[in-house]
Amino acid sequence: MSSEKPHPSRDAESCGACQNHGFCEGRGLAVFKEGSWTSNPVAIQTLGICPALAVTTRLENSLVMGGAMIFVVMGSSFLLSLLRHWTPRRVRLIASVAVIATFVIIIDQFLRAFYWDMSRQLGPYVGLIITNCIVLGRAEAFAMQNKPQLAIIDALAAGIGFTAILAIVGFFRELLGEGTVLGFTVLDPQWYTKNLVMVLAPGAFVVMGFLIAFFNWLQHGNADKS
Amino acid sequence: MTGNVRDSVYTVCYTLAVGALCATLLTGAAQFTAPYREANQRADEMRNILAVLKVSVDPRTSAGELTRLFDSRVRHESIGSLAVYRRLSASADEGPELVAVKVEGPGLWGPIRGFVSLERDWNTIRSVTFHDHQETPGLGAEISGEAFLRQFQGKRLLDDTGTPGLRIVSSGAAGTWEVDGLSGATITCDRVEDILHDLAGQIREERLWEQRP
């Protein structure tokens with residue numbers, strides 16, 4: 001997790017607002033904004049690039065992958081946050097991976113049961129969520145030091161941040177590569193020549209590059225790069 | 001020292017507890033989804049059999065309709081160790097009889113399963129699918145890609161002397177007994193060749209080929 005920026009606002013056990021103002025009223029929003037926008041897992045921290053490049057050939061694939069990710073990161077963060085006082089330090093990584101793997105296999109089985117075609121299209125990438133740095137990153141950096149309510153908000157933020165980037169990449173690749181959005185024809189094949197590059201890997205890199213540049217520009221403007 | 005022992009015992013107990021918790025969640029999910037997953041697998045198999053038998057199926061067909069279509073168009077039988085699916089003709093203009101045979105064998109990472117449809121002579125290939133495998137995505141997994149499978153049409157399993165003769169070559173496939181392999185997937189291609197040789201051997205053993213010289 002070396003690429004992750006330090007979060008000064010995220011010190012241990014500071015969810016004090018919960019006692020007075022219901023559901024983490026005080027910090028919830030800040031945590032959500034931080035997780036999904038200010039340090040967006042893909043565009044800012046450049047984590048989870050592999051699925052962001054691999055499954056984003058179509059918008060629908062991106063959304064399903066994002067949904068699976070949200071489920072896994074929320075489930076594992078919640079459970080690990082519940083267990084945080086009992087988890088011995090030296091086995092915490094093994095415990096995290098076991099819990100994450102459990103949620104990944106659960107969502108994989110549900111996709112196989114109720115969304116067969118999509119499960120075939122996503123292939124190994126649902127299973128590979130286990131190795132996704134975002135999930136383990138949220139567990140290590142946040143869930144293990146914070147209350148379950150806040151951990152869930154943080155996980156949801158990371159999941160939504162991830163899904164949003166995948167959806168943007170998927171939208172452009174499907175639109176330019178196949179002329180469709182969610183399977184509906186938008187660019188008429190009579191005058192639009194499908195751009196195969198966008199469907200293949202280079203298209204993913206190009207869209208991703210533009211997106212990361214755009215996020216950098218948005219958040220840092222023209223400030224010098226040092 | 002006792003503190004250390006107590007720590008270790010605690011760690012072991014904790015690990016066991018987390019393991020049990022994960023196992024319970026997984027068992028629950030697997031039990032709950034099993035009937036749906038199996039139904040999907042059966043439907044996928046039926047679709048693949050119908051595809052190699054050149055019976056057109058609407059991709060949106062429901063499971064029930066698919067089963068009815070399958071039962072009305074395909075007859076399953078066993079010849080020796082071969083699982084054979086015969087196409088029942090619906091109309092005269094559908095062309096000659098076709099049979100599909102289930103093939104299975106080890107791949108690089110896991111088993112490869114598929115269907116091969118053959119013309120009346122039990123030798124000339126009409127169509128091949130490999131619907132279930134765990135080969136490397138982008139390399140070996142291309143065995144289920146259209147470009148690779150298309151090549152098999154019209155190729156023969158057995159050569160003129162009745163020996164399994166179909167080969168997957170690295171480049172420059174020519175003639176009735178050669179198919180171009182996939183670069184970066186030599187082992188997978190070798191295994192596919194073995195699977196087809198096994199099929200050819202079984203066909204000869206069951207004397208299906210000799211019946212129609």
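Residue numbers start from 1 in every chain, and the chains themselves are labelled A, B, ... in the order their sequence lines are given, proteins ahead of strands.
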Is it the case that over 12 heavy atoms from other parts of the model lie below 6.0 angstrom from the CZ atom of A:F214? no

Nearest heavy atoms of B:C22 and A:A98, plus distance in Å: SG-O, 3.8 Å

With a 4.5 angstrom heavy-atom cut-off, is it the side chain or the backbone of B:A141 that approaches chain A, or both, or neither? neither

More than 12 heavy atoms of other groups within 6.0 Å of A:R92 CZ: yes

Would you say B:R167 has more than 12 foreign heavy atoms packed within less than 6.0 Å of its CZ? no

What part of A:V99 lies closer than 4.5 angstrom to a heavy atom of chain B: side chain, backbone, both or neither? both

Testing A:F114, A:W116, A:Y115 one by one against B:N40 for a side-chain contact (heavy atoms from CB on, under 4.5 Å), which residue passes? A:W116

Measure across A:T102 and B:L26 and return the closest heavy-atom pair with its distance rounded to 0.1 Å. O-CD2, 3.6 Å

Tell me if the aromatic rings of B:F32 and A:F110 count as close, with their centers under 6.0 Å from one another. yes

More than 12 non-hydrogen atoms from neighbouring residues, nucleotides or ligands closer than 6.0 Å to CZ on A:F172, yes or no? no

B:Q31, CD atom: more than 12 neighbouring heavy atoms under 6.0 Å: no

Return yes when atom CD1 of A:I94 has more than 12 non-hydrogen atoms of other residues, nucleotides or ligands closer than 6.0 Å, and no otherwise. no

Which region of A:L79, side chain (C-beta onward) or backbone (N, CA, C, O), has a non-hydrogen atom less than 4.5 Å from a non-hydrogen atom of chain B, or is it both or neither? side chain

Interatomic distance, A:D108 atom CG to B:R37 atom CZ [nearest 0.5 angstrom]: 9.0 Å

Proximity breakdown for B:T136 and chain A, heavy-atom pairs closer than 4.5 Å: neither

Has the side chain of B:Y10 got a donor or acceptor atom that lies under 3.5 Å from a matching backbone atom of A:W86? yes

Let me know if B:Q134 has heavy atoms under 4.5 Å from chain A in its side chain, its backbone, both or neither. neither

Scored by heavy-atom pairs under 4.5 Å with chain A, the best of B:V18, B:D7, B:T11 is B:T11

What do you reckon, is CD1 of B:I187 surrounded by more than 12 foreign heavy atoms closer than 6.0 Å? no

Region of A:T87 that comes under 4.5 Å of a non-hydrogen atom in chain B: both

